Amino acid sequence: MSSAPLLTDRLGRPLRNLRISVTDRCNMRCRYCMPEADYVWLPRQSILTFEEIGRLAGIFTGLGVTKLRLTGGEPLLRHDLPTLVSLLAGNSALHDLALTTNGILLQRHALALRAAGLRRVTVSLDTLRPDRMLEFARSARHGDVLRGIESALGAGFDSVKLNTVVIAGYNDDEITDLLEFGRRQGVEVRFIEYMDVGGATGWSPAQVVSQGQILQAVERRYGPVTARHEGSWAPAERFALRDGTVFGVIASTTAPFCRTCDRARLTADGTWLLCLYGEQGLDLRELLRIGADDAEIAARLTAGWKARTDRGAEQRATLAERGVLHQIETLRADPRREMHTRGG
Ligand code: SAM
Ligand code: SF4
Ligand code: SF4
């Protein structure tokens, strides 16, 4: 366990988890995340260097963070990611170091990432049909994703999981096929409800497939499932089929879990956000580059977390009329509001 005294926010939630977006760029255009034809990218000189990320990670672990996830954008587009992984893996206060990727470039990097000290990998896979991926995510590289999953399985990670965002009329007829695929490969599938966050400018309630509907689809094929009631701080609720196969559902839209949210995010350009829906962030890059020392930065983080009251998804769920969170003009004016910039 971390020796840091427990830092908690106004709702008693500790700071334990940090998601770091290492790039806002992506080689896919998933309709639920990057549906637009063009984007405003963060200026290259504003992207945190590996040394800056490593230094911030050290300050965060000093405040109680024990779990770190690299994400994006597509994190494997960041040149030489294994070097960053080995820098972070040298931080003995970290109990978990994970990566979320779309898998396209994973075959090439899986062994180097494992050797560098990456513990866990989550690959996003929304469909088993290449034609659907081409249409929905504008990528013809479905085969590369499958080979990426295989490479991850062969590389010896502590765990490999799959993330599937379920969207009505797109892939809701593949829920059990994806579960079957996961079962065959020996990887846990986590179904995610479509969220109205950031760049989801095409979001509408009618496209959300709820946890209840996902479970119904699974039970129609496999019979009753059992909830595992793990009482953890993890966002996925886990269930087991009769044969013991475990899968997860992340009900961020219909049954948000803000009450147990111990996660903060760091954008690729060093803005610290307290919530996926957070409006304002703290510019840590500026603090680093004007020469603030670790104690000063730690004091700002401590004050920020102590004041935290964010419950973004819960507040969205109380709205009588729910539409997209941001219009495209707002996103263009402030790209840090994008999911691919703040890190999913
Ligand atoms: N590019 C990598 C990938 O796709 O795995 C990492 C970044 S992506 C933003 C992280 C996760 O967020 C992915 O699993 C993706 O499916 C999920 N995601 C993106 N937009 C979403 C949305 N509107 N609702 C729910 N999940 C979303
Ligand atoms: Fe899709 Fe991930 Fe890229 Fe978003 S960042 S478009 S979810 S691959
Ligand atoms: Fe945490 Fe914000 Fe997501 Fe709620 S909406 S679970 S507070 S990141």
Side-chain angles (χ1 to χ4, degrees), residues 9-11 13 15-36 39 69-78 98-106 121-127 133 136-139 141 145 148-149 161-167 170-171 189-204 207-209 233-236 248-253 255-265 267-268 273-279 308-317 324-326 338-344:
D9 70 8
R10 295 264 291 273
L11 303 177
R13 301 168 296 185
L15 172 60
R16 277 195 295 230
N17 239 298
L18 183 67
R19 291 173 186 233
I20 302 180
S21 172
V22 293
T23 178
D24 57 334
R25 314 265 162 158
C26 191
N27 46 5
M28 278 174 75
R29 288 291 181 272
C30 304
R31 211 181 284 173
Y32 50 74
C33 178
M34 298 183 76
E36 308 301 329
Y39 284 93
R69 179 173 291 275
L70 301 177
T71 178
E74 174 44 42
L76 293 179
L77 286 180
R78 181 79 188 248
L99 172 80
T100 302
T101 172
N102 64 27
I104 287 179
L105 299 170
L106 190 53
V121 174
T122 302
V123 183
S124 299
L125 180 72
D126 298 327
T127 178
M133 184 166 126
F136 201 80
R138 285 188 260 149
S139 170
R141 300 181 65 180
V145 177
I149 295 167
K161 289 184 181 168
L162 297 182
N163 269 1
T164 299
V165 181
V166 187
I167 311 244
Y170 164 53
N171 61 350
V189 182
R190 291 144 27 114
F191 297 104
I192 306 175
E193 290 180 353
Y194 184 13
M195 296 169 72
D196 55 353
V197 70
T201 49
W203 189 91
S204 67
Q207 295 171 79
V208 176
V209 180
W233 292 69
V249 183
I250 303 183
S252 4
T253 301
F257 33 81
C258 301
R259 223 147 303 162
T260 56
C261 178
D262 60 1
R263 287 175 298 285
R265 288 178 162 77
T267 64
L273 293 159
L274 303 178
C275 175
L276 193 47
Y277 289 85
E279 297 272 318
R308 178 182 188 245
T309 55
D310 297 68
R311 297 185 300 112
E314 284 182 358
Q315 281 162 344
R316 294 287 299 163
V324 298
L325 180 65
H326 299 303
E338 292 278 7
M339 179 78 147
H340 65 270
T341 307
R342 51 184 51 191

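Values in this document were obtained by computation on a predicted structure and should not be read as measured data. Positions are given from 1 along the sequence. In listed order, ligands and their atoms are each counted from 1.
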Problem - Electrostatic pair Arg259:Glu314 at N-O distance under 4.0 angstrom - result: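 Looking at Glu314 together with Arg259, the answer is yes, because their closest N to O distance falls below 4.0 Å.
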
Problem - Residue of the set Cys261, Cys275, Cys258 for which side-chain contact (heavy atoms from CB on, under 4.5 Å) holds with Asp310 - result: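 Looking at Cys261, Cys275, Cys258, the match for Asp310 under the side-chain contact (heavy atoms from CB on, under 4.5 Å) is Cys275.
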
Handout entry: Residue among Arg19, Arg16, Arg308 satisfying salt bridge (Lys or Arg N to Asp or Glu O under 4.0 Å) with Asp262
Key =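 Exactly one option meets the salt bridge (Lys or Arg N to Asp or Glu O under 4.0 Å) with Asp262, and it is Arg16.
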
Under 4.5 Å between any side-chain heavy atoms of [X] and [Y], yes or no?
X	Y	answer
Leu162	Ile149	yes
Met195	Leu276	yes
Phe191	Val165	no
Arg311	Leu11	yes

Exercise for the section: Compile the protein residues with any heavy atom at a distance under 4.0 Å from an atom of ligand 1; present them by chain, then by number. Expected result: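 If the criterion is a heavy atom under 4.0 Å, then ligand 1 touches Tyr32, Cys33, Thr71, Gly72, Gly73, Glu74, Thr100, Thr101, Asn102, Ser124, Asn163, Val165, Ile192, Glu193, Tyr194, Met195, Ala200, Met339, Gly344.
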
Backbone of [Y] reached by a side-chain donor or acceptor of [X] within 3.5 Å:
X	Y	answer
Asp9	Thr309	no
Arg25	Glu74	no
Thr100	Thr122	no
Gln207	Ile167	no
Thr71	Ile20	no

Exercise for the section: Would you mind listing which atoms of ligand 3 come within a distance below 4.0 Å of any non-hydrogen atom of Arg265? Expected result: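 Listed by number with element: 8 (S).
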
Practice task
Heavy-atom contacts with Arg263 under 4.0 Å: which atoms of ligand 3 show up? List them by number with element.
Solution key: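 With Arg263 as reference, the close atoms of ligand 3 come out as 6 (S).
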
Practice task
Report the C-alpha separation of Asp24 and Tyr39 in whole Å, then their side-chain angles, then the decisive distance to 0.1 Å, and conclude whether the side-chain hydrogen bond (donor to acceptor under 3.5 Å, both in side chains) test is met.
Solution key: CA-CA 10 Å; Asp24 57 334; Tyr39 284 93; over 6 Å; no

Exercise for the section: Taking all heavy atoms of Leu15 and all of Ala264, pick out the closest pair and write down the distance. Expected result: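 Closest pair (atom of Leu15, atom of Ala264, distance): CD1-CB, 3.9 Å.
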
Practice task
Check if Arg316 has a non-hydrogen atom at a distance under 4.0 Å from any atom of ligand 3.
Solution key: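 The answer is no: ligand 3 sits nowhere under 4.0 Å from a heavy atom of Arg316.
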
Handout entry: Sub-2.8 Å protein N, O or S atoms surrounding atom 4 (Fe) of ligand 3
Key =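 Result, waters dropped: Cys258 SG.
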
Practice task
Mind checking whether Arg259 contacts ligand 3 via backbone (N, CA, C, O), side chain (CB onward), both or neither, at a 4.0 Å heavy-atom cut-off?
Solution key: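 No part of Arg259 comes within reach of ligand 3.
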
Exercise for the section: Mind listing the protein N/O/S atoms less than 2.8 Å away from atom 3 (Fe) of ligand 2? Waters don't count. Expected result: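 Short answer, with waters excluded from the count: Cys26 SG.
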
Practice task
Mind checking ring-ring contact (aromatic ring centres under 6.0 Å, His included) for Tyr170 and listing every partner two or more places apart, or none if nothing turns up?
Solution key: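 Expected list: Phe136.
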
